[in-house]
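To start, the structure under review is shown below, and the notes come after it.
Here is the naming used below: chain letters follow the sequence lines, and residue numbers restart at 1 for every chain. Just so it is clear, the model here is predicted, and its values are computed rather than measured.
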There are 2 protein chains.
Amino acid sequence: MTTASTSAPRWLTDEEQHAWRAYLHATTLLEDHLDRQLQRDAGMPHTYYGLLVQLSQAPRRRMRMTELARNAKITRSRLSHAIARLEKNGWVRREDCPSDKRGQNAVLTDDGYEMLRRSAPGHVEAVRQAMFDRLTPEQVSSLGEIMRVLATGLEPEGTDADLPWLR
Amino acid sequence: MTTASTSAPRWLTDEEQHAWRAYLHATTLLEDHLDRQLQRDAGMPHTYYGLLVQLSQAPRRRMRMTELARNAKITRSRLSHAIARLEKNGWVRREDCPSDKRGQNAVLTDDGYEMLRRSAPGHVEAVRQAMFDRLTPEQVSSLGEIMRVLATGLEPEGTDADLPWLR
DNA sequence: CCTATCTAGTTAAACTTTCAAGAAAAGGTC
DNA sequence: GACCTTTTCTTGAAAGTTTAACTAGATAGG
């Protein structure tokens, strides 16, 4: 028999282990770096900033809660808390959805848009300096392809996968 | 003049934007996926699990707090709280450092080692399924190189960078 | 229509992380 | 040695996240 619980574990090769370790180091350090940059320059963590960016790019600068959670790859609960905080800051407001009385739209306010406009250059510069200025065009292309593969694998289409925004 | 504050922002190209978005999606989903896998199978988040792994690979299964924080790329404060929790679980214990009375060693207990031995196969399988089974050997090699570049950039040698374990 | 089930979003409590402050020992410098 | 600075680690409170439970509205089947 060859069930997962009894077959010998397929350990990682040396190269895989090194890649995995490097992945963990880089992602942890980058997340920390951007969180600090944004906390300093925009007064919020990276996740929250990403929500504002999503809203700024959405039609009429608004989006249904679940849709926003899906785009940000987070749970609806986490989003509820985040929007509550951003609302307190005056950068987002809630609005009832006209077509579905259960629904809420998160709307980017003018203040929110303005804060984004001010902080975007610094943030792009931080991302560029940490990532894109250090990689060759081939590496950027390769990284994009790899990350698309991983994201797709973790978010398979048409399945009942355990995805954050469905919990 | 060309100071950062006044020069035109160097926005990301389309390809860079797509790579960045894919990076955020993949890393967020993978972190969530592994956190859930480990919470379910080992009763702790991924960060904590990583600490036990580090200890298991250290000489005499113990390590100075700051050294452990450096390896995990986290703050000493975060580590203090994490070790306190793992200590409560009986998987780690603290020990005074003989050579420096300020210092503490975190020591992996036999119980901790045993829980690691039990959960390691499942965790490796999850990592493999999410990442290594989906990438070609060339992609694994490329990913490793890219992540080393990023990690090195965020952790420059011989500088006064703002690194978590020095805060 | 009536009921069961599902979906959208929120909430309280437990847990984790960050931030600011502080205690204690080590390492200069005079 | 006395003094000042740095290093090591911890702590309590605030902020953020997860988990489970819950409300309200939508949807489907009889």
Side-chain angles (χ1 to χ4, degrees), chain A residues 28 31-40 42-51 62-70 72-89 92 94-107 160 162-167, chain B residues 28 31-40 42-51 62-70 72-89 92 94-107 160 162-167:
Chain A
T28 306
E31 168 115 57
D32 177 81
H33 185 65
L34 294 182
D35 264 343
R36 294 216 111 205
Q37 186 266 316
L38 285 169
Q39 197 69 63
R40 173 164 53 77
M44 67 188 125
H46 187 210
T47 307
Y48 291 22
Y49 187 85
L51 297 174
R62 71 199 60 205
M63 210 181 291
R64 283 289 291 273
M65 293 295 279
T66 298
E67 173 72 1
L68 186 46
R70 186 197 333 277
K73 314 300 171 195
I74 63 177
T75 63
R76 286 170 300 184
S77 171
R78 185 175 176 181
L79 180 60
S80 272
H81 290 296
I83 293 296
R85 198 272 221 185
L86 293 170
E87 208 170 13
K88 216 175 282 179
N89 282 289
V92 168
R94 287 178 218 249
E95 178 182 87
D96 291 345
C97 174
S99 57
D100 186 335
K101 282 176 186 166
R102 295 168 303 180
Q104 289 280 105
N105 278 314
V107 187
D160 51 354
D162 172 39
L163 296 167
W165 56 93
L166 301 177
R167 297 212 269 262
Chain B
T28 307
E31 168 111 58
D32 176 82
H33 185 66
L34 295 183
D35 264 343
R36 292 217 112 205
Q37 186 266 315
L38 285 169
Q39 196 69 62
R40 173 165 52 80
M44 67 188 122
H46 186 210
T47 308
Y48 289 23
Y49 187 86
L51 297 174
R62 71 199 60 203
M63 210 181 292
R64 283 289 294 272
M65 293 295 279
T66 298
E67 174 71 0
L68 186 47
R70 186 197 333 276
K73 313 301 174 195
I74 63 177
T75 62
R76 284 171 297 184
S77 171
R78 184 175 176 180
L79 180 60
S80 272
H81 289 297
I83 292 295
R85 198 272 222 187
L86 293 171
E87 208 170 13
K88 217 174 281 180
N89 282 289
V92 168
R94 287 177 217 249
E95 178 182 86
D96 291 345
C97 175
S99 57
D100 185 337
K101 283 178 187 166
R102 297 167 304 180
Q104 289 280 107
N105 278 315
V107 187
D160 50 355
D162 171 39
L163 296 168
W165 57 93
L166 301 176
R167 298 212 269 261

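- B/Asp100 comes within 4.0 angstrom of sugar-phosphate atoms only, judged by non-hydrogen atoms across all strands, and of no base.
- Minimum atom distance to the side chain of A/Ser77 is reached by D/dT18, of the listed D/dG16, D/dC9, D/dT18.
- Taking five base pairs at each end of the helix from C/dC1-D/dG30 to C/dC30-D/dG1 and finding the rotation axis that steps the C1' atoms of four pairs onto the next four gives two axes whose angle is 20°, to the nearest 10°.
- Residue A/Tyr49 contributes atom OH, which lies 17 Å from atom P of D/dG16 at whole-angstrom precision.
- Nucleotides of DNA chain D nearest to B/Leu166 and A/Ser99 differ in position, and the one nearer the 5' end is that of B/Leu166.
- Here A/Thr66 lies in heavy-atom contact (under 4.0 Å) with sugar-phosphate atoms only.
- Proximity note for A/Arg64 (side chain, C-beta onward) versus C/dA8, C/dT16, C/dA12: the nearest is C/dA8.
- Note: CZ (B/Arg78) to C1' (D/dT11) measures 17 Å, nearest angstrom.
- Between A/Lys101 and A/Met44, the residue anchored closer to the 5' end of DNA chain D is A/Met44, taking for each the nucleotide with the nearest heavy atom.
- A salt bridge does not link A/Lys73 to B/Asp32: none of the charged nitrogens lies less than 4.0 Å from a carboxylate oxygen.
- Here C/dT16 presents its P atom at 22 Å from CZ of B/Arg76, a figure rounded to the nearest Å.
- Looking at heavy-atom distances under 4.0 Å, B/Arg167 makes no contact with the nucleic acid at all.
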